[in-house]
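The shown structure was predicted, so the numbers you read here are calculated from the model rather than taken from an experiment. The first residue of the sequence shown is numbered 1, and numbering continues consecutively from there.
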Amino acid sequence: MKMYGIDRDRHFIHLHCLWIVGYVASSPLHSIPVSISCNVGSQAILPCKWKSQLDKIPVCHVQWQTPDETVFEQMGAQRWQATEFEGRVEVPEEKLWQGDCSLILHDVQFGDVGLYESFMVVDRARNKRRVFIQSVQLSVHDHTSEESLREGETLDLKLHTPQAKKVVFQGRNSTEMTVLWMRGEEEVNSGRLKEVKGFVVLKGLKIDDCGTYTVLDSHGLPVSTVHLTVEAYQVDETQKFHEIQGKQAPIGKSTYNRSSSLLMLFVLLFSPLIQHLL
């Protein structure tokens, strides 16, 4: 456990919670959770409004927990986060005083799926109690898409999350999965694939590149799946016509210039003879 914002012993808030166990108010048995759904790697906001349950309170002390553990706790400038959520959860303090105790969860992972409950710890005249505010059911999904590109074009595979570890490929008519890219494993990575700012880029597409590309996380779960179709490159007939015309244009111009020169030479040579005959 770590305490953020002050340099104190980690047990400060934890012991504070144990002290009020006898005053904990259980969540309602028939509370209906709010359903929140998002894609892996994105941001989720678990809603919470404490002013609908409480009047003014001297200190904003919020807790978020799952059935198994406390996820996040904040009292003033003091914050605590569970190890697996470290650096990914926050409740903005300025919004907390305005009555918004929503938990912002960054870089959502499949392991974050489940039920979350929020509480406000109220301290009045040394009578401490924990008041249930909201329950939220979070579901997480992978990204799926279909792309159609032409030969020679570039496929940009978005990794979506720093937890993306691998890209595998299955050809359209194949049952085998081939590892094309692994984070930090240069000897494994295909020479055609390069990681560029959160993307794995495949340049110079070929017909044989048709198939399914899957980005996997460190647990082997699919972050995203892209079904790719590569079309053979065909020159448009109109474009071909203009290219031919463009190539012919210099020839026509040259011919015109030669004809003009010959005409001028004819006039210069025969003009005295013409005048004599007249």
Side-chain angles (χ1 to χ4, degrees), residues 35-46 66 71 82-89 104-116 137-240 243:
S35 295
I36 298 295
S37 178
C38 67
N39 290 109
V40 63
S42 62
Q43 174 183 286
I45 299 179
L46 311 188
T66 66
V71 171
T83 303
E84 59 269 35
F85 291 91
E86 189 172 326
R88 298 196 296 123
V89 286
I104 301 177
L105 178 55
H106 302 280
D107 190 23
V108 174
Q109 301 299 309
F110 289 113
D112 300 334
V113 170
L115 180 68
Y116 293 76
Q137 182 69 44
L138 176 65
S139 58
V140 181
H141 308 281
D142 62 329
H143 302 260
T144 58
S145 64
E146 294 186 2
E147 290 198 36
S148 179
L149 299 171
R150 288 185 176 183
E151 280 185 293
E153 293 186 332
T154 299
L155 172 65
D156 296 320
L157 287 170
K158 189 173 182 179
L159 297 176
H160 296 286
T161 170
Q163 303 304 316
K165 300 298 182 183
K166 184 187 300 184
V167 173
V168 297
F169 169 72
Q170 182 179 4
R172 176 174 293 177
N173 299 317
S174 174
T175 58
E176 296 183 1
M177 302 290 287
T178 304
V179 177
L180 298 181
W181 175 86
M182 290 183 66
R183 189 183 298 277
E185 300 290 340
E186 294 301 325
E187 64 276 9
V188 175
N189 298 341
S190 168
R192 295 177 58 206
L193 273 77
K194 303 293 182 182
E195 182 183 358
V196 182
K197 296 181 179 180
F199 288 83
V200 169
V201 178
L202 178 60
K203 295 183 177 180
L205 288 175
K206 305 174 183 178
I207 295 297
D208 292 341
D209 293 326
C210 288
T212 301
Y213 295 79
T214 306
V215 178
L216 303 175
D217 67 9
S218 56
H219 301 289
L221 298 174
V223 173
S224 70
T225 302
V226 177
H227 302 285
L228 175 66
T229 300
V230 180
E231 299 178 355
Y233 180 77
Q234 295 180 351
V235 179
D236 183 75
E237 292 300 325
T238 303
Q239 179 182 350
K240 187 184 296 184
E243 288 179 355

K.L.:
Between CG of L159 and CG of L216, what distance do you get to the nearest 0.5 Å?
P.N.:
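Output value for this atom pair is 11.0 Å.
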K.L.:
Check whether any side-chain heavy atom of L205 sits under 4.5 Å from a side-chain heavy atom of E151, and report yes or no.
P.N.:
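They are not in side-chain contact.
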K.L.:
Output the distance between atom CG (L155) and atom CZ (F199), rounded to the nearest 0.5 Å.
P.N.:
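Interatomic distance, L155 CG to F199 CZ, rounded to 0.5 Å: 10.5 Å.
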K.L.:
Pairs under 3.5 angstrom only: tabulate donor-acceptor contacts from the side chains of residues 164-176 to other protein residues two or more places apart or in another chain.
P.N.:
residue	atom	partner	partner atom	Å
Q170	NE2	S174	O	2.9
R172	NH2	T229	OG1	3.2
S174	OG	E176	N	3.0

K.L.:
State which residues pass side chain to side chain contact (heavy atoms under 4.5 Å, CB included) with D107; sequence neighbours excluded, sorted by chain then number.
P.N.:
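So D107 forms a side chain to side chain contact (heavy atoms under 4.5 Å, CB included) with R88, Q109, T161, P162, Q163.
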K.L.:
Would you please test L138 and L105 for side chain to side chain contact (heavy atoms under 4.5 Å, CB included) and show each step?
P.N.:
CA-CA 11 Å; L138 176 65; L105 178 55; 3.9 Å; yes
K.L.:
Evaluate the side-chain proximity of L157 to L202: yes if any heavy-atom separation is below 4.5 Å, no if none is.
P.N.:
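The answer is no; the side chains never approach within 4.5 Å.
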K.L.:
Under 3.5 Å, is there a donor-acceptor pair between the side chain of D156 and the main chain of V201?
P.N.:
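No.
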K.L.:
Sequence neighbours excluded, which residues qualify as salt bridge (Lys or Arg N to Asp or Glu O under 4.0 Å) partners of E195?
P.N.:
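Salt bridge (Lys or Arg N to Asp or Glu O under 4.0 Å) list for E195, sorted by chain: R183.
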K.L.:
S145: what forms a side chain to side chain contact (heavy atoms under 4.5 Å, CB included) with it, not counting sequence neighbours?
P.N.:
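Once residues adjacent in sequence are excluded, the partners of S145 under the side chain to side chain contact (heavy atoms under 4.5 Å, CB included) criterion are V226.
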K.L.:
Atom CG in L115, atom OG1 in T66: separation rounded to 0.5 Å?
P.N.:
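Between atom CG of L115 and atom OG1 of T66 there are 8.5 Å.
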K.L.:
What pairs of residues pass the side-chain hydrogen bond (donor to acceptor under 3.5 Å, both in side chains) test when at least one of them lies in residues 197-218, not counting sequence neighbours?
P.N.:
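Checked against side-chain hydrogen bond (donor to acceptor under 3.5 Å, both in side chains) - neighbours excluded - the pairs reaching residues 197-218 are R192-D209, T212-H227.
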K.L.:
Decide side chain to side chain contact (heavy atoms under 4.5 Å, CB included) for E231 and S148; before the verdict, give the C-alpha distance in whole Å, the side-chain angles of both, and the deciding distance to 0.1 Å.
P.N.:
CA-CA 7 Å; E231 299 178 355; S148 179; 3.2 Å; yes
K.L.:
Please list all pairs meeting ring-ring contact (aromatic ring centres under 6.0 Å, His included) that have one or both residues in residues 138-165, counting only residues at least two apart or in different chains.
P.N.:
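Those involving residues 138-165 are H143-H160.
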